[in-house]
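Single-structure report; data block below.
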Amino acid sequence: MVDCPRAPFYVCGPTASGKSALALEYAHKLDGEIVNADAFQLYRGIETLSAAPSPAEQGDIPHHLYSQLDPAIAIDAGRYCLLAQPVITEILSRGKTPIITGGSGLYLKFLTHGPSPLPVGNAALRSEFESQPLAYLVAQLTKIDPLEASRTSLENRRFVSRALEICILSGSKASDLRDGWEAKTANISSSLRGIVIQRSRPDLHARIAQRTKMMMECGAIEEVANLSDVSANCEKAIGFREIRALLRGEIDRAHCEELINAATRQYAKRQETWFRREAWLEISRA
RNA sequence: GGCCCGAUAGCUCAGUCGGUAGAGCAGUGGAUUGAAAAUUCACGUGUCGGCGGUUCAAAUCCGUCUCGGGCCA
């Protein structure tokens with residue numbers, strides 16, 4: 001099934017689909033070590049909330065890039081890539097197979113296709129954009145880079161801001177930079193190997209509900225209560241706002257769980273949409 | 001037992017003077033290379049609780065029954 005053990009193997013799928021367990025199987029099969037590709041399991045102190053594999057679940061397989069980051073620190077796909085690449089290289093150098101496991105589609109894409117030569121996000125610029133009306137940003141982008149404007153969802157403030165940010169920081173057109181990178185990475189997918197777990201919606205929804213219940217019973221509330229200095233980035237973890245509202249007494253426990261379930265289901269759906277496009281992933285029906 | 005209020009989309013509800021119904025949430029599909037567990041776009045037919053009546057026309061008015069909730073006994 002696998003002819004080249006010394007190349008990374010990707011285990012993907014929506015949240016609560018059973019990636020951690022499957023990754024463990026592959027680690028045994030391929031003489032591998034597991035590397036996290038989940039934006040929130042990177043953080044320390046929210047292991048329960050982010051459903052990171054517990055020490056018991058990790059078994060005898062080395063797990064990398066879990067509980068590494070202080071919650072006060074913000075991270076993005078590019079910085080994740082910088083963290084993960086040396087780890088992957090190191091695993092390969094020991095003759096082991098990196099089993100890259102996670103559900104953060106963008107982070108995985110950075111790993112598989114590499115970061116593009118676009119400038120990194122700039123906080124000052126972003127907060128400036130935040131104070132501008134969207135129509136103004138759209139007008140600016142249309143003036144500077146009409147091609148990029150025509151390809152961007154102009155209702156999506158974040159995408160418009162990013163495109164404008166690229167133009168301003170790089171001094172070139174975002175469309176040119178993106179085209180160059182697209183061309184360069186066009187053939188990468190054919191050399192990748194990995195699987196995506198697929199489950200029926202009712203099954204996945206049931207698993208989500210069950211996991212939320214477990215989280216709430218097994219320390220997620222305490223984790224949120226104990227975090228004092230949290231980056232805006234880390235605060236976006238599903239369950240964070242909901243549990244804070246519970247702690248403030250604004251909602252009850254059942255309502256809190258249902259809000260978390262709904263947000264998780266929606267996230268899982270977005271993940272499925274993302275992975276459907278990654279045609280190189282072999283489908284694993286669970 | 002009597003009286004009152006309610007029953008409309010999976011859920012919460014709106015619906016004017018009668019002209020066969022629409023919001024939010026949920027759900028589904030999509031976009032997405034440095035905020036991504038983020039952000040964003042599109043998608044709304046349902047015995048208007050049942051039966052009968054009035055009317056050219058009933059979610060809307062009348063009667064009755066059923067089921068909730070409340071009040072009085």
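The chains referred to below are lettered A, B, ... by the order of the sequence lines, with proteins before strands, and numbering in each begins at 1. Worth knowing before you read on, the calculation uses all heavy atoms, side chains too, and leaves out hydrogens, waters and symmetry mates.
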Heavy-atom contacts under 4.0 Å between residues 206-241 of chain A and RNA chain B, which residues?
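Listed by number, they are A/Asn233, A/Lys236, A/Ala237, A/Ile238.
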Under the ring pair (Phe, Tyr, Trp, His ring centres under 6.0 Å) test, residues paired with [X] that sit two or more places apart:
X        : value
A/Phe110 : none
A/Tyr43  : none
A/Tyr10  : A/Trp280
A/Tyr66  : A/His63

Could you work out, with side chain to side chain contact (heavy atoms under 4.5 Å, CB included) as the rule, every residue matching A/Ser127, not counting sequence neighbours?
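Per chain and number, A/Ser127 pairs via side chain to side chain contact (heavy atoms under 4.5 Å, CB included) with no residue.
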Can you list the residues that meet the side chain to side chain contact (heavy atoms under 4.5 Å, CB included) rule with A/Asp176, with sequence neighbours excluded?
A/Lys173
Donor-acceptor pair, side chain of A/Thr101 and main chain of A/Ala23, under 3.5 angstrom:
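No; judged by distance alone, with no hydrogens or angles, the pair does not exist.
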Return the polar atom pairs (N/O with N/O) between nucleotides 27-30 of chain B and the protein under 3.5 Å, or none.
| from | atom 1 | to | atom 2 | distance (Å) |
| --- | --- | --- | --- | --- |
| B/G27 | OP1 | A/Arg265 | NH1 | 2.7 |
| B/G27 | OP2 | A/Gln266 | NE2 | 2.9 |
| B/U28 | OP1 | A/Arg201 | NH1 | 2.7 |
| B/U28 | O5' | A/Arg201 | NH1 | 3.4 |
| B/G29 | OP2 | A/Arg201 | NH1 | 2.9 |
| B/G29 | OP2 | A/Arg201 | NH2 | 3.0 |
| B/G29 | N7 | A/Lys269 | NZ | 2.6 |
| B/G30 | OP1 | A/Arg276 | NH1 | 3.2 |
| B/G30 | OP2 | A/Thr273 | OG1 | 3.4 |
| B/G30 | OP2 | A/Arg276 | NH1 | 2.0 |

Please state how far atom [atom1] in [X] lies from atom [atom2] in [N], giving the value in whole angstrom units.
X        : N     : atom1 : atom2 : answer
A/Arg158 : B/A36 : CZ    : P     : 8 Å
A/Arg157 : B/A38 : CZ    : P     : 18 Å
A/Tyr43  : B/A38 : OH    : P     : 14 Å
A/Asn156 : B/A42 : CG    : P     : 12 Å

Partners passing side chain to side chain donor-acceptor pair (under 3.5 Å) against A/Glu90 (at least two apart in sequence or in another chain):
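A/Glu90 satisfies side chain to side chain donor-acceptor pair (under 3.5 Å) with A/Arg94 only.
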Give every donor-acceptor pair under 3.5 Å between a side-chain atom in residues 236-243 of chain A and any protein atom, sequence neighbours left out.
| from | atom 1 | to | atom 2 | distance (Å) |
| --- | --- | --- | --- | --- |
| A/Glu242 | OE1 | A/Gly239 | N | 2.9 |

Salt bridge (charged side-chain N to carboxylate O under 4.0 Å, His left out) involving A/Glu128 - partner list, sequence neighbours excluded
none
Using the criterion of both pairing distances under 3.5 Å for Watson-Crick and G-U wobble pairs, give all stems of 3 or more consecutive pairs involving RNA chain B.
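In RNA chain B, stems of three or more pairs: B:1-7 with B:66-72, B:10-13 with B:22-25, B:27-31 with B:39-43, B:49-53 with B:61-65.
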